[in-house]
Amino acid sequence: MVTGDVKLIGSWASVFVMRARIALNLKSISYEFLQETYGTKSELLLKSNPVHKKMPVLIHADKPVCESNIIVQYIDEAWSSYGPSILPSQPYDRAIARFWAAYVDDKWFIALRSILTARGEEEKKAAIAEVEERTDHLEKAFIDCSNGKPFFNGDHIGYLDIALGSFLGWWRVVELDANHILLDETKTPSLFKWAERFCNDPAVKPLMPETTKLAEFARKLFPKPQA
Amino acid sequence: MAEEVILLDYWASMFGMRTRIALEEKGVKYEYREEDLSNKSSLLLEMNPIHKKIPVLIHNGKPICESIVQVEYIDQVWPGTNPILPSDPYQRAQARFWSDYIDKKTSGPCKGLHRETGKKQEAAKMEFIEVLKTLDSELGDKSFFGGNEFGLVDIAFIGFYSWFRTYEVIANFSIVAEYPKLIAWAERCLKRESVAKVLPDSDKVLKSVSDYRKKILGIN
C-alpha cells in the first residue's frame, strides 16, 4: 500500500470534517489541513468534489474521497494495520453500526438542525420533542451496541461513536440556543456519560471546538429573523 | 447450524431488489416473504421498529435493515462467490460514494414521479433526469460502474431500470432514447442470472403504478 501525501479539505466548525480528522488521528496519520473560507468554495474543493461540492474531501496521493462516513471507512481500510479498527470486525455489528450512523445523519441530525431553523415557539417545541424521541432511540442503541463497554464500538471509539460524537459541539450550541437540555443525564444517562468519555478521547479532544466560538459561528450560519 | 435467511420485501421495490440480487449472486437460499405495505406484518414492525420499512433481512433471527447495509453485510458474510465490493480501498470508497449518491438523489424525485401530478411531478422529473445524466456520465464507456466487474453500484441502480417505462409513461418523457449507454448497461446486467431472476417485468410495474394513480389521484 502506497502511503502518499494526505490532505483534508474542511473547516474547524464542521461536524462532518471532524469525523475524518478523528479517524486520521486514530490512525496517527499526519495530513495537511486545508481550511475553507466561510462563504466561498475553493477551486480545489470544487474540482475534487464536483458532484456535491461539499467538505470534507480527503485527498490521498492526489485521489479524492468524499462523504464523511465513506472517508472514515476508507481511512480504516487504507491504513488497516495502523492503530485500532474503526469499523467493528463482525459483520452483524458492522451492519448495526452502519444502520445507526445512517439514522444519525438522516433522522437525528435533521431534527437537531430544525431546532435552529424553527420559526416561532410551536415549531421549536415540536423540533425539540422530535430530537428527544430520537435521542432516546440512540440511548437504547448505545446500550445494545456497547454491551457494557465504554463506547458504541466497545473498548475504543469507532465508526458510530465518531458519527454521533462529532455532533457534541453543535449539540451544546443548540441546547444554548433552545434554552433546553438536549442531552439529559437522567433521561439518557448512558449517552450522557459516553459523551464525556468521547470528548476526552485523545483523538477527539484537540478537535472539539469551544462552545462559545461555535455559538458565535452558529449565529452567522443561522441568523435569527429580525423582530 | 443451519442458516436461516428470510427477506421481508415488496415485489416492486428497487431497494428490495438490491438485497435479492446480492443473495442470488452469492447463491444463498432464502425465504422471500411478500409484505402488504398497507397492512404491515407484525414481524416487519418488530424487526424494523425504527423505520417500519422493507426490505428487512433476517439472518438466523437477527434483523439487518437498509438495503445498502444489507448488500455489504451479504458480501461480508458470504465472501467466496461473486465479490460485490472491490478489494482496493479506493475503489471501495468510489463504489460506496456512488451508491450513496443514488440513494440521496433518487428518493425525492422517485416519490414525486410516483405520487405527484402537475408542477410537482414535473420538478421531480427534472431532478430524476439530472441523476440519469450524472450516472450516464459516470458510467462512460465502462461495462459496469466499477469497471469490468458487476458490483455494488450496478446492484444499487439496476432495480430502477424496471421502473423506467413507468416513469416514461406517467411523466411523459423518454429515458430509453435519451440514455442509450445506460440502457446498454442495464441489458448487460440483465444477462446475469441474479438480475434476470429478480427484476420484475416493466409492464407489471407500470400497471401497478397506473392502478395506484387512478385509484388515489384519479388519473386515467
Side-chain angles (χ1 to χ4, degrees), chain A residues 1-4 20 27 48-52 54 57-81 86-108 133-134 136-138 140-141 144 159-160, chain B residues 3 5 19 22 26 47-53 55-79 84-105 107-108 130-131 133-135 137-138 152-153:
Chain A
M1 218 245 36
V2 177
T3 305
K27 299 289 190 179
S48 312
N49 191 358
V51 175
H52 299 304
K54 284 183 177 177
V57 181
L58 181 79
I59 306 177
H60 182 202
D62 293 324
K63 298 201 287 193
V65 181
C66 308
E67 291 301 296
S68 63
N69 286 336
I70 292 172
I71 292 171
V72 171
Q73 291 181 79
Y74 174 78
I75 290 166
D76 197 31
E77 291 174 354
W79 287 281
S80 56
S81 50
I86 298 177
L87 272 284
S89 56
Q90 291 303 311
Y92 190 73
D93 298 334
R94 195 177 284 199
I96 296 299
R98 285 191 171 126
F99 172 86
W100 284 111
Y103 179 83
V104 166
D105 281 354
D106 300 339
K107 298 282 182 194
W108 182 85
E133 189 193 329
R134 292 173 185 188
D136 194 57
H137 286 141
L138 292 171
K140 293 195 182 75
D144 286 339
Y159 184 72
L160 184 52
Chain B
E3 299 265 33
V5 182
T19 312
K26 301 292 184 172
M47 292 282 136
N48 191 359
I50 297 292
H51 301 303
K52 306 176 174 56
K53 285 182 175 177
V56 179
L57 181 70
I58 310 173
H59 185 200
N60 294 332
K62 298 206 284 193
I64 300 107
C65 305
E66 296 299 295
S67 59
I68 297 295
V69 175
Q70 290 162 355
V71 173
E72 288 228 38
Y73 175 82
I74 290 164
D75 198 36
Q76 203 190 351
V77 172
W78 291 281
I84 292 172
L85 272 114
S87 50
D88 173 69
Y90 185 73
Q91 298 305 326
R92 289 163 78 88
Q94 292 301 99
R96 286 176 179 140
F97 175 86
W98 285 106
S99 42
D100 176 70
Y101 169 85
I102 290 162
D103 276 354
K104 276 190 170 75
K105 297 292 185 179
S107 80
E130 274 311 303
V131 172
K133 277 199 183 116
T134 305
L135 290 177
S137 162
E138 175 56 26
L152 183 69
V153 185

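Below, chains carry the letters A, B, ... as their sequence lines are ordered, and counting in each starts from 1.
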How far does [atom1] of [X] sit from [atom2] of [Y], to the nearest 0.5 angstrom?
X: Ile71(A); Y: Arg96(B); atom1: CD1; atom2: CZ; answer: 12.5 Å
X: Arg94(A); Y: Ile64(B); atom1: CZ; atom2: CD1; answer: 13.5 Å
X: Leu87(A); Y: Gln76(B); atom1: CG; atom2: CD; answer: 8.5 Å
X: Arg98(A); Y: Glu72(B); atom1: CZ; atom2: CD; answer: 3.5 Å
X: His52(A); Y: Asp100(B); atom1: NE2; atom2: CG; answer: 6.0 Å

Closest approach of [X] and [Y], non-hydrogen atoms and distance?
X: Pro91(A); Y: Tyr73(B); value: O-CD1, 3.5 Å
X: Tyr90(B); Y: Pro64(A); value: OH-O, 3.0 Å
X: Val69(B); Y: Ala95(A); value: CG1-O, 3.4 Å
X: Tyr74(A); Y: Pro89(B); value: CD1-O, 3.5 Å

For [X], which atoms come within 4.5 Å of any heavy atom of chain A: side chain, backbone, both, or neither?
X: Glu138(B); value: neither
X: Arg92(B); value: side chain
X: His59(B); value: neither
X: Pro63(B); value: both
X: Ile50(B); value: side chain

State whether the side chain of Glu77(A) and the backbone N or O of Ser87(B) hold a donor-acceptor pair below 3.5 Å, judged by distance alone.
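No; zero donor-acceptor contacts below 3.5 Å.
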Does atom NZ of Lys53(B) have more than 12 heavy-atom neighbours from other groups under 6.0 Å away?
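Not buried by this count: 12 neighbours or fewer within 6.0 Å.
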Lys107(A), NZ: over 12 other non-hydrogen atoms inside 6.0 angstrom:
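Open: at most 12 neighbouring heavy atoms sit under 6.0 Å from NZ of Lys107(A).
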Heavy-atom side-chain proximity of Tyr101(B) to Glu67(A) below 4.5 angstrom
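Not in contact.
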His51(B) and Tyr103(A) aromatic ring geometry - parallel, tilted or perpendicular at 30°/60° bounds:
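Aromatic pair Tyr103(A)/His51(B) classed tilted.
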